[in-house]
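Source: prediction; values computed, not measured. All residue numbers refer to positions in the sequence shown, counting from 1.
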Amino acid sequence: MCGIVGIFDIRGLSEIDRSLLSRINESQFHRGPDEGGLHTEPGLGFGHRRLSIIDLSSGQQPMHSQDGNVVLTYNGEVYNFPELRLELEALGYGFRTHCDTEVILYAWQAWGESCVERLRGMFAFAIWDRAKQTLFLARDRLGVKPLFYAELANGHFIFGSELKALTQHPLLPKDPDPTAIEDYFSFGYIPDPKTIYRSVYKLEPGYCLAIKRGDANFRPKQYWDVTFKPITSAHATDVGEELISRLREAVKIRMVADVPLGAFLSGGVDSSGVVALMAGLSADPVNTCSISFGDPKFNESEFAARVAERYHTSHRVEQVDPDDFSLIDRLSGLYDEPYADSSALPTYRVCELAKKQVTVVLSGDGGDENLAGYRRYRWHTYEERMRSILPDALRVPLFSTLGKAYPKLDWAPKILRAKTTLESIGRDSMAGYFHSVSVLPNAMRAELFSERLKRDLQGYQAVEVFHRYRETAPDDPLSMVQYLDLKTYLVGDILTKVDRASMAHALEVRVPLLDHRLVEWMATLPPDLKLKGREGKYIFKKALEPYLPYDVLYRPKMGFSVPLSAWFRGPLKQRVQDTLLGETLQNTGWFDRNYLQHIVSQHQSGLRDYSAAIWSLLMFEAFARNNLA
């Protein structure tokens, strides 16, 4: 895994400041501490930081084609490169290395922009074709690897693997985007293609971008999407066997490395399944690691230990301090823009632990989105039944009124916390799902935001993020929310979390459950094989029964949680007060101080649980303090 950067003069052949390019490149040193390289020519500069994984002695970047016409800077792994190499050799291309980088270089020369359709893996890369005077950027189909870009006032186009690389450029405007603030406090992250800055964008997963010198009219182009068209007949036993076979193949091709390799083992279904298949493919014990928590409500380590023992893995486990909030300030520096998933804390620690053993790990990310593992999917299907039973003219006013009247009982048993469900049923399907996943619901954001920010938003609401996908989202209720999560939550939250946390430790994470061929096949499975009654990931669990203990497969889902609510009433009580009521948030002019005071007093008195809102505000304040002062 690596970090890439570049500067391209769209208008002409201006000299590229090599010292500036170097500074931008070195801002991503953590992504590739093994080697660094630069390439400059009139109107173009590429930079690269390398984490060596395959063909350690060669493969340096930026890499040039043998005819000198093409230059590549690339981050990722293409797992089918040996097959592509054979194809290219048959076409007459010669190779000097044994790495996937050179394969991409000649794939571009052989097939042009369509080369991305042949690549199987995770990648973000930029190619400069001197003969065509074209800069070409591409990002993998599911968004495992990031890519940011911006166009500057002087006609220069800049890009990088992380937002911090672009902010090194002195001409980059850093005006915050009000709609990104609305998105952040809705989702807990800023969904693609936006960033916190008006002038900077993320290249979306499954998109590429071609810029021809002299032509400023460019726009990203989609080259891939997943289609949910379930096959009409599917026997559960046959589907389960095929699922294991396809996953085993996806795992196998991700076990190729010239450096130590292992796996995350949380004790959940997905990571345990990946480890079980790895053990069957490896002659040596698989290196596994997990972290434990002192609080049994958050601790899965005993289940991880059982899987490790069954497959005789070389297992490492470390307990995380239950008050491990020393990372709060460090996180804002990792993510470069507001990011509010508190599981970033244990994710950072498990990456830190893994790096002590290995350089590459396989993870179980993607199982919940593809195979319907989240509890919210079950609730959404319940709500959809109510929407289908009652006509809109009756349902909307009835449940909207019930939702407003029902008290918010944060302290009560879950069965009595019906307010969110009632409010969701009073909306249409997409708006209802948005309401159920919102960190701060519409009414709460309306009270939190100042009049100035509301004016700047000009009526914009974050539900529009989902509305972008109205035309392409499937009709089936379960498939629809899976599709929305693949486009938003998976890439904006889960994969962002893992990429920044792992690259902070120069650790490469590979994700077999997000192999695009596997994802395409899983999208054809009937919804009732994914969510059957109350059982999410039904077919995956059935297929894994010969491989894993029953209670690993069928115990309640725990997740990577941290005890925020207790922190904010205990050891972080004063910090919460100082931060939410301090100068930084007030000086932005975006928040209502009276409502901030309400959040603090209600949470710390125990009357309400505002831990998600407080964490979001803490992360936003850390970003603002470090970047907007």
Side-chain angles (χ1 to χ4, degrees), residues 181-182 184-188 293-298 322-325 328 338 340-343 345 375-376 379 399-427 432 434-451 453-454 462 558-559 561-586 588 590-622:
I181 299 172
E182 156 74 357
Y184 167 73
F185 282 102
S186 300
F187 294 102
F293 298 88
D295 188 337
K297 291 186 297 184
F298 302 100
D323 293 330
D324 185 24
F325 40 76
I328 291 176
D341 186 340
S342 60
S343 67
L345 292 166
R375 282 189 291 266
R376 62 178 181 259
W379 287 107
F399 282 92
S400 296
T401 301
L402 288 173
K404 290 176 183 177
Y406 199 93
K408 187 166 177 57
L409 305 175
D410 294 329
W411 46 267
K414 286 186 178 180
I415 195 171
L416 298 179
R417 300 184 212 167
K419 186 177 183 69
T420 298
T421 299
L422 294 171
E423 290 175 334
S424 292
I425 296 172
R427 296 169 163 84
F434 170 76
H435 181 70
S436 70
V437 300
S438 294
V439 178
L440 278 72
N442 292 351
M444 194 170 177
R445 298 196 310 280
E447 294 196 71
L448 174 66
F449 293 161
S450 68
E451 292 303 316
L453 179 55
K454 292 174 187 175
M558 294 178 71
S561 303
V562 291
L564 293 181
S565 185
W567 282 3
F568 297 154
R569 294 189 181 109
L572 291 182
K573 181 175 182 179
Q574 189 60 48
R575 177 165 182 165
V576 166
Q577 294 178 9
D578 293 343
T579 300
L580 269 63
L581 305 178
E583 291 184 358
T584 300
L585 291 183
Q586 286 306 301
T588 65
W590 295 325
F591 305 103
D592 183 283
R593 182 177 174 80
N594 290 333
Y595 194 67
L596 290 172
Q597 179 67 64
H598 165 81
I599 290 174
V600 172
S601 61
Q602 290 282 296
H603 182 86
Q604 295 187 343
S605 68
L607 292 174
R608 297 286 295 273
D609 184 357
Y610 278 135
S611 53
I614 292 172
W615 181 258
S616 301
L617 286 160
L618 285 176
M619 291 295 98
F620 191 90
E621 189 272 347

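A donor-acceptor pair under 3.5 Å is formed between the side chain of His603 and the backbone N or O of Ser565.
Counting heavy atoms from C-beta outward, Leu580 and Leu618 have side chains that approach closer than 4.5 Å. Inter-residue side-chain proximity for Met619 and Ser342 is flagged as unmet; no heavy-atom pair is nearer than 4.5 Å.
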>> Set out, in order, the CA-CA distance, both residues' side-chain angles and the distance that settles side chain to side chain contact (heavy atoms under 4.5 Å, CB included) for Leu572 and Ile328, then state yes or no.
In response: CA-CA 11 Å; Leu572 291 182; Ile328 291 176; 3.9 Å; yes
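Residues Pro571 and Ala566 share a closest heavy-atom pair of CD-O, 4.0 Å. Annotation for Ala613 and Met444: closest pair CB-CE, 3.5 Å, computed over non-hydrogen atoms.
Residues satisfying the side-chain contact (heavy atoms from CB on, under 4.5 Å) test with Ala340, not counting sequence neighbours, are Tyr184, Trp615, Ser616. Applying the side chain to side chain donor-acceptor pair (under 3.5 Å) rule to Ser611 yields the partners Asp609; only residues at least two apart in sequence or on another chain are considered. Checked against side chain to side chain donor-acceptor pair (under 3.5 Å), Ser438 has no partners two or more places apart in sequence or in another chain. For Asn442, the side chain to side chain donor-acceptor pair (under 3.5 Å) partners are Arg445, not counting sequence neighbours. In this view, Phe591 and Phe185, Phe620 satisfy the ring-ring contact (aromatic ring centres under 6.0 Å, His included) rule, not counting sequence neighbours. Judged as a side-chain contact (heavy atoms from CB on, under 4.5 Å), and not counting sequence neighbours, the contacts of Gln586 are Arg593, Leu596. Checked against side chain to side chain donor-acceptor pair (under 3.5 Å), Glu447 has no partners two or more places apart in sequence or in another chain. The side-chain contact (heavy atoms from CB on, under 4.5 Å) test applied to Ser601 returns Gln597, not counting sequence neighbours. Under the rule for a ring-ring contact (aromatic ring centres under 6.0 Å, His included), Phe568 has no partner lying at least two apart in sequence or in another chain.
Pairs of residues two or more places apart, or lying in two chains, that qualify as side chain to side chain donor-acceptor pair (under 3.5 Å) and include a residue from residues 571-583 are Asp329-Arg575, Gln574-Asp578, Gln577-Gln604.
Taking CZ from Phe449 and CD from Glu182, the interatomic distance works out to 5.0 Å, rounded to the nearest 0.5 Å. To the nearest 0.5 Å, atom OG1 of residue Thr588 and atom CD1 of residue Ile181 are 7.5 Å apart.
Residue Leu617 forms a side chain to side chain contact (heavy atoms under 4.5 Å, CB included) with just one option from Leu585, Val576, Leu440, and that option is Leu585.
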